[in-house]
Amino acid sequence: MTDVLAVTDHRRGDLRDVSYEIITAGRELADETGGNLHLAVISGTVDEFADDLNREGVDAIHTVDHGEEFNHDVYTQAISQLYDELAPQYVVAPNSVNGLDYAPAVANELDLPIVTDTIGLETDGETLLATREMYGGKVETTNELEGAAVVTIRSAEWPKAEGTGDASIEAFDAEIDEDAIGSTVTGFEEVGGGDVDISEADVLVSVGRGIEEEDNIPLIEDLAEALDATVSSSRPIVDNGWLPKNRQVGQSGKVVTPDVYIAIGISGAVQHVAGMKGSDTIVAINTDPNAPIMDIADYAIHDDLFDVVPALTEEFQ
Amino acid sequence: MKILVTVKEVATVEDEFEIEGTEIASQYLGADLNEWDDYAVEEAVQLQENGIADEVVTVTIGPEDCEQTIRQALAKGADRAIRVWDDALEGVDLLDVNAKTEILSAVVEAEEPDLVLTGVQAGDDSFGATGVSLAEEIGAQWGAVVNHLEHDLEDGVASVRRELEGGVEELTEIDLPAVLTIQTGINEPRYASLRGIRQAQRKELDVQALADIGVDEGTIESELELTEMYEPESESDVTVWEGSADETAAELGELLREKGVAQ
Ligand SMILES: Cc1cc2nc3c(=O)[nH]c(=O)nc-3n(C[C@H](O)[C@H](O)[C@H](O)COP(=O)(O)OP(=O)(O)OC[C@H]3O[C@@H](n4cnc5c(N)ncnc54)[C@H](O)[C@@H]3O)c2cc1C
Ligand SMILES: Nc1ncnc2c1ncn2[C@@H]1O[C@H](COP(=O)(O)O)[C@@H](O)[C@H]1O
């Protein structure tokens, strides 16, 4: 029980970035346990994926050729069977939306503890120390686990594995029980289209829950107009119906990289930051000096947006 | 059709706070109904209003203090509530996913709902795992991160949309009984009306100890142990502008002019 089994992620024909990051995370763990790093590649064009994933540090790649797209029952069955075959110490999965659709089921089925959304992992082979955030990123915690475990990793926390590896690539003959498959994907849909493409904007004036009420949104629109900028937002603003879906920045919205991103009353939750951390210059206006957005901001104003925003608008009128 | 909604009271933290051991000092903590569970409750209540569900029951693992939060869900239209707590859970820093699964599955066994709705994640410890783990435990189907549910469940199938990354939604058919983890934005959670709040006081809130639901104390010990809590080390070299709003706005204005992005 020293090996590590890492599960890769793909969608609609493409491997997702976290698949390469999980190789790095898995390799680090395997180095500490002194074991091998196994990758599982389940569904889709598995042979193509396996070639691409054969990077430095991978010892073995197990492909399960079953269906095109993700199905959580197929994943759960295949991973459980791989676990029985390989007896790894750790099963590592991405903390993606699909990862969260199977990893907890795998853990429960195998009677293993699970720790999700980790940003740091350390082990002496027996005790796992997992670092993760709580309270929307306000604090970090260390979580201790004895023995085997299922772990999910946050994306963009580990570097992508590079180079070419010399892993063995084998088809794993998983016995998928079709009768136990109780969900069917019938299609995909892109949402958030429309007249405005916030990913094209040079300057984004982005509004979050700090704005409090729909009636206050014009404050932000006035500023955007004065700056000749575009309005975007965090998720709750769109959830509330105060702005359309195509304005949402983040994991489930758009990824933006403007010259200047002004985050107004936005705390900087990981799912928001995923969509804007590549911006050239980030300015945060927030009453909370400890808000996680401060960690990635270049400039900050620790003050009330209802005072600062009108003053700024006035500057440019 | 009967719907069980898992409802958590989450801890909220003030802007400035202190850490004591592996906890935030209690004077800096507040409490609220978990945002994601608010949407799950609303979804269940709407299914009832549309004549699809006959009963909406909430279940919470938590101490007596959280009854006010549970009553919020009752005020919004849930029919009755179950609260599970036990001396054995007192003083536990963190109930891990396995422990919650064990307890919630015992309640599911007793209640036999056709549909269980949970939140995608709890806003405080954010494991994002309880719903799917619970589904596996009770042998039900599931769907994680659901942001649309068709209100036609008569034929034993839930047609849902799962919100994936990057503005892509997956359309999925899920056999019932199922556990769905509900994403924010799926509906517009209502505010409780005064009448609802009054009625909630009279609704049944059933308190159960572990033994009452047939759970052995020994099996709910968390395997995950919280050993450290600290404020993240900031890697940023953020420039903080100080002064009145006019002064800080002027600084920002100057930056924007310097960058040539505004005149
Ligand atoms: C699967 C999943 C996907 C998600 N996808 C996304 C996504 O794509 N995009 C996204 O944004 N989120 C997403 N989220 C939600 C995310 O976790 C956060 O809940 C959300 O980003 C919080 O938005 P916010 O910062 O506006 O609100 P909050 O976190 O409530 O922050 C409000 C901020 O405003 C500040 N504030 C309050 N009053 C004032 C004032 N008067 N002046 C100045 N500042 C003030 C507060 O200090 C606080 O920092 C997702 C979550 C999940 C689970
Ligand atoms: N103590 C609890 N009592 C009731 N439901 C809970 C509890 N903890 C978590 N849940 C449910 O599980 C969901 C996901 O929580 P988590 O996996 O902890 O992020 C929450 O949105 C709740 O619906």
Output side-chain donor-acceptor pairs under 3.5 Å for residues 304-317 of chain A, partner residues at least two apart or in another chain, one line each.
| unit_1 | atom_1 | unit_2 | atom_2 | d |
| --- | --- | --- | --- | --- |
| A/Asp304 | OD1 | A/Phe306 | N | 2.9 |
| A/Thr313 | OG1 | A/Val309 | O | 2.9 |
| A/Glu315 | OE1 | B/Arg257 | NH1 | 3.4 |

Under-4.0 Å salt bridge between B/Glu165 and A/Arg16:
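Here B/Glu165 pairs with A/Arg16 in a salt bridge, since their nearest N and O are under 4.0 Å apart.
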What I want to find out is whether B/Arg162 reaches A/Asp101 closely enough, with some N-O distance under 4.0 Å, to be called a salt bridge.
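A/Asp101 and B/Arg162: salt-bridged.
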Can you say whether [X] sits under 4.5 Å from chain B via the side chain, the backbone, both, or neither, judging by heavy atoms?
X: A/Gln271; value: side chain
X: A/Leu112; value: backbone
X: A/Leu128; value: neither
X: A/Thr152; value: neither
X: A/Val260; value: side chain
X: A/Ala269; value: neither
X: A/Val185; value: both

Can you confirm whether [X] sits close enough to [Y] that some side-chain heavy atom of one is under 4.5 Å from a side-chain heavy atom of the other?
X: B/Thr239; Y: A/Asp298; result: no
X: A/Ile285; Y: B/Leu252; result: yes
X: A/Thr141; Y: B/Leu94; result: no
X: B/Gln121; Y: A/Asp117; result: no

Heavy-atom contact with chain A under 4.5 Å, split by part of [X]:
X: B/Gln141; answer: side chain
X: B/Leu256; answer: side chain
X: B/Asn98; answer: side chain
X: B/Leu255; answer: side chain

Just distance, no hydrogens or angles: give the donor-acceptor pairs under 3.5 Å from side chains in residues 124-137 of chain B, sequence neighbours left out.
| unit_1 | atom_1 | unit_2 | atom_2 | d |
| --- | --- | --- | --- | --- |
| B/Asp124 | OD1 | B/Lys8 | NZ | 2.9 |
| B/Asp124 | OD2 | B/Lys8 | NZ | 3.4 |
| B/Asp124 | OD2 | B/Ala11 | N | 3.1 |
| B/Asp125 | OD1 | B/Lys8 | NZ | 3.4 |
| B/Asp125 | OD2 | B/Lys8 | NZ | 3.3 |
| B/Ser126 | OG | B/Ala122 | O | 3.0 |
| B/Ser133 | OG | B/Thr101 | OG1 | 2.8 |
| B/Glu136 | OE1 | A/Asn108 | ND2 | 2.9 |
| B/Glu137 | OE1 | A/Asn108 | ND2 | 2.8 |

Side chain to side chain contact (heavy atoms under 4.5 Å, CB included) between B/Phe17 and A/Lys138, intermediate numbers included
CA-CA 10 Å; B/Phe17 61 90; A/Lys138 285 195 154 199; 4.3 Å; yes
For a side chain to side chain contact (heavy atoms under 4.5 Å, CB included) with A/Val97, tell me which candidate from B/Val120, B/Val168, B/Val145 qualifies.
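One option only clears the test, and that one is B/Val145.
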For the CD atom of A/Glu189 and the CZ atom of B/Arg161, what is their distance to the nearest 0.5 Å?
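Nearest 0.5 Å value for the CD-CZ distance: 4.0 Å.
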Let's test your reading of the structure: which of B/Ile24, B/Thr181, B/Ile19 forms the most heavy-atom pairs below 4.5 Å with chain A?
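That would be B/Ile24.
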Under a 4.5 Å heavy-atom cutoff, which of B/Glu231, B/Gln263, B/Glu188 has the most pairs with chain A?
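The candidate making the most pairs under 4.5 Å is B/Gln263.
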Going by atom types alone, do A/Asp239 and B/Gln183 pair a side-chain donor with an acceptor below 3.5 Å?
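No pair is found: no donor N or O on one side chain lies under 3.5 Å from an acceptor on the other.
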Winner by heavy-atom pair count (cut-off under 4.5 Å) against chain B, out of A/Arg12, A/His72, A/Met294, A/Lys245:
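Most heavy-atom pairs within the cutoff with chain B belong to A/His72.
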For the candidates A/Asp202, A/Val283, A/Asn95, which exhibits the highest count of non-hydrogen atom pairs separated by less than 4.5 Å from chain B?
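Greatest number of close heavy-atom pairs with chain B: A/Val283.
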Does any N or O in the side chain of A/Arg235 come within less than 3.5 Å of the main-chain N or O of B/Thr184, such that one atom is a donor and the other an acceptor?
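Pair found, side chain donor or acceptor close to backbone of B/Thr184.
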